[in-house]
Each structure stands twice: as C-alpha cells, then as structure tokens.
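One is the number of the first residue; the rest follow in order along the sequence. All values reported here derive from a predicted model rather than from experimental measurement.
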Amino acid sequence: MGNENENYFLSLYKIDCTGNVKQKNGLNYLPWASAWAEIKKYDPDATFTYKEMKLDDLGNTRFWQDDGKTGWVEVSMTVKGHTQTVPLPIMDLRNKPIPAENITSVDANKTLLRCLVKAIAFHGLGNYLFKGEDIPEDTINILRLQEECVSLMKKRASLSESAK
C-alpha cells in the first residue's frame with residue numbers, strides 16, 4: 001500500500017478518509033475504529049501504547065495522568081518503525097478541561113481513543129482534518145484535473161469534423 005521509497009507520512013497523508021469522517025458539535029472527526037483499520041491495513045505491525053500513572057507503591061496504575069487540577073492521556077503510536085507520542089487533555093463536550101476530581105474512567109477512555117486518532121494523524125493519516133480541511137490536497141488536485149479533462153473532452157466533441 002505505498003511505495004517503499006516514498007516517505008511513509010506522504011503515503012498515509014494521501015489516503016482519502018473522507019468517507020469515514022463524522023461530525024459532532026460542528027467539528028469533523030475520524031472515528032478511532034476507522035483510523036485504526038486504515039493504519040493496520042497500511043502497517044499490520046503498527047502498535048500503540050499509553051502512559052500509565054503510578055498510584056501507589058503496590059504497583060496500582062491507571063491509564064490517565066493528573067496534576068491535581070486537570071488530567072490528560074498520552075499515547076505513543078508506532079508505524080513503520082517511527083514513533084510519535086502525543087498528549088491530549090481530558091475535556092468535556094464543550095472542550096473545557098474536566099477538574100481532576102471529576103474525571104471518570106469513561107471520560108479518560110474517550111480521550112484516550114481521540115488521542116490515538118491524533119497520534120495516527122501525526123503519522124499522516126487524516127492529518128488534513130486537523131488542518132480544518134475536508135479533503136486531502138492530492139484529492140483536490142485530482143478532482144481539478146478530472147474537471148479539466150471533462151471540459152477539454154466537451155470542447156473537442158463540439159468541434160466540427162473538419163476542425164478536428
């Protein structure tokens with residue numbers, strides 16, 4: 001799925017995910033399951049890990065961090081041997097930080113999956129969504145070229161036989 005000599009980021013960036021894009025609260029997003037499926041098609045060996053927070057000396061941990069005020073998750077995603085590590089604050093539906101004492105495992109899990117998609121985007125897949133674009137640049141260029149070809153074919157078809 002991509003030329004071995006081509007920059008892996010560009011290979012992933014060129015994948016058109018627009019058919020999987022959803023909208024929530026006026027924002028476009030790529031569901032984690034779609035992002036994960038695409039990345040595993042590209043690199044079956046792709047993996048991710050998350051940073052745990054040590055809670056006590058008994059070895060108890062949890063999958064999110066906090067500083068006593070707010071919380072965040074941190075995901076490391078490895079694709080084709082390249083690792084990107086990305087943090088993301090745990091926020092409510094209005095994108096406001098949730099106070100540390102109010103964070104639930106559900107809040108943290110939703111953020112962990114959003115952070116996974118963001119880490120995947122750091123590798124290129126769906127990156128254009130974070131730039132506020134609906135379609136990757138290459139897809140836009142292809143659509144423009146298709147329109148030009150159709151226009152040229154229509155012009156040629158309208159020419160008389162002697163002019164051809």
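Counting heavy atoms of neighbouring residues, nucleotides and ligands inside a 6.0 Å radius, atom CG of Leu55 exceeds 12 of them. Within a 6.0 Å radius of OH in Tyr29, more than 12 heavy atoms belonging to other residues, nucleotides or ligands are found.
Gly126 and Cys17 make their closest contact through N-SG, 4.4 Å (heavy atoms, listed as atom of the first residue, atom of the second, distance). The two residues Leu125 and Ala35 come nearest to each other via the heavy atoms CD2-O, 3.5 Å. What you find for Asn102 and Asp107 is that their closest heavy atoms are O-OD2, 3.7 Å. Contact record, Lys22 with Pro31: CG-CG, 3.5 Å, taken as the closest heavy-atom pair. Minimum interatomic distance between Ala119 and Gln84 (heavy atoms only, all atoms of both residues): O-CB, 4.4 Å.
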### Task
Would you check, one step at a time, whether the test side-chain contact (heavy atoms from CB on, under 4.5 Å) holds for Cys115 with Trp72?
CA-CA 10 Å; Cys115 192; Trp72 65 94; over 6 Å; no

### side-chain contact (heavy atoms from CB on, under 4.5 Å) between Thr85 and Glu74, intermediate numbers included
CA-CA 7 Å; Thr85 300; Glu74 186 174 301; 3.5 Å; yes

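No donor-acceptor distance shorter than 3.5 angstrom exists from the side chain of Asp66 to the backbone of Lys69, with no hydrogens or angles considered. Using modelled atom types, one side-chain atom of Asp67 and one backbone atom of Thr70 make a donor-acceptor pair closer than 3.5 Å. Side-chain atoms of Arg94 do not come within 3.5 Å of backbone N or O of Lys96 as any donor-acceptor pair. Of the possible donor and acceptor atoms, one in the side chain of Asn127 sits under 3.5 Å from a partner among the backbone N and O of Ala121.
You'll find the ring centres of Phe48 and Trp36 inside the 6.0 Å limit.
Side-chain atoms of Phe63 and Asn109, non-hydrogen and from C-beta on, do get closer than 4.5 Å to each other. Side-chain contact between Ile120 and Glu38: absent, with no pair of heavy atoms (C-beta onward) separated by less than 4.5 Å. Between Val79 and Tyr42, the closest side-chain pair of non-hydrogen atoms falls below 4.5 Å. Looking only at side-chain heavy atoms (C-beta outward), Tyr13 and Ser11 stay at 4.5 Å or farther from each other. At a threshold of 4.5 Å between non-hydrogen side-chain atoms, the residues Val73 and Lys51 do not count as touching. Between Thr49 and Val75 there is no side-chain heavy-atom pair separated by less than 4.5 Å.
For the residue pair His123 and Tyr8, a side-chain donor N or O sits within less than 3.5 Å of a side-chain acceptor on the partner. Side-chain contact annotation: Thr83 with Ser76, donor-acceptor N/O pair under 3.5 Å absent.
A cation-pi geometry, defined here as NZ or CZ lying under 6.0 Å from the six-membered ring centre and within 45° of its normal, does not hold between Lys80 and Phe9.
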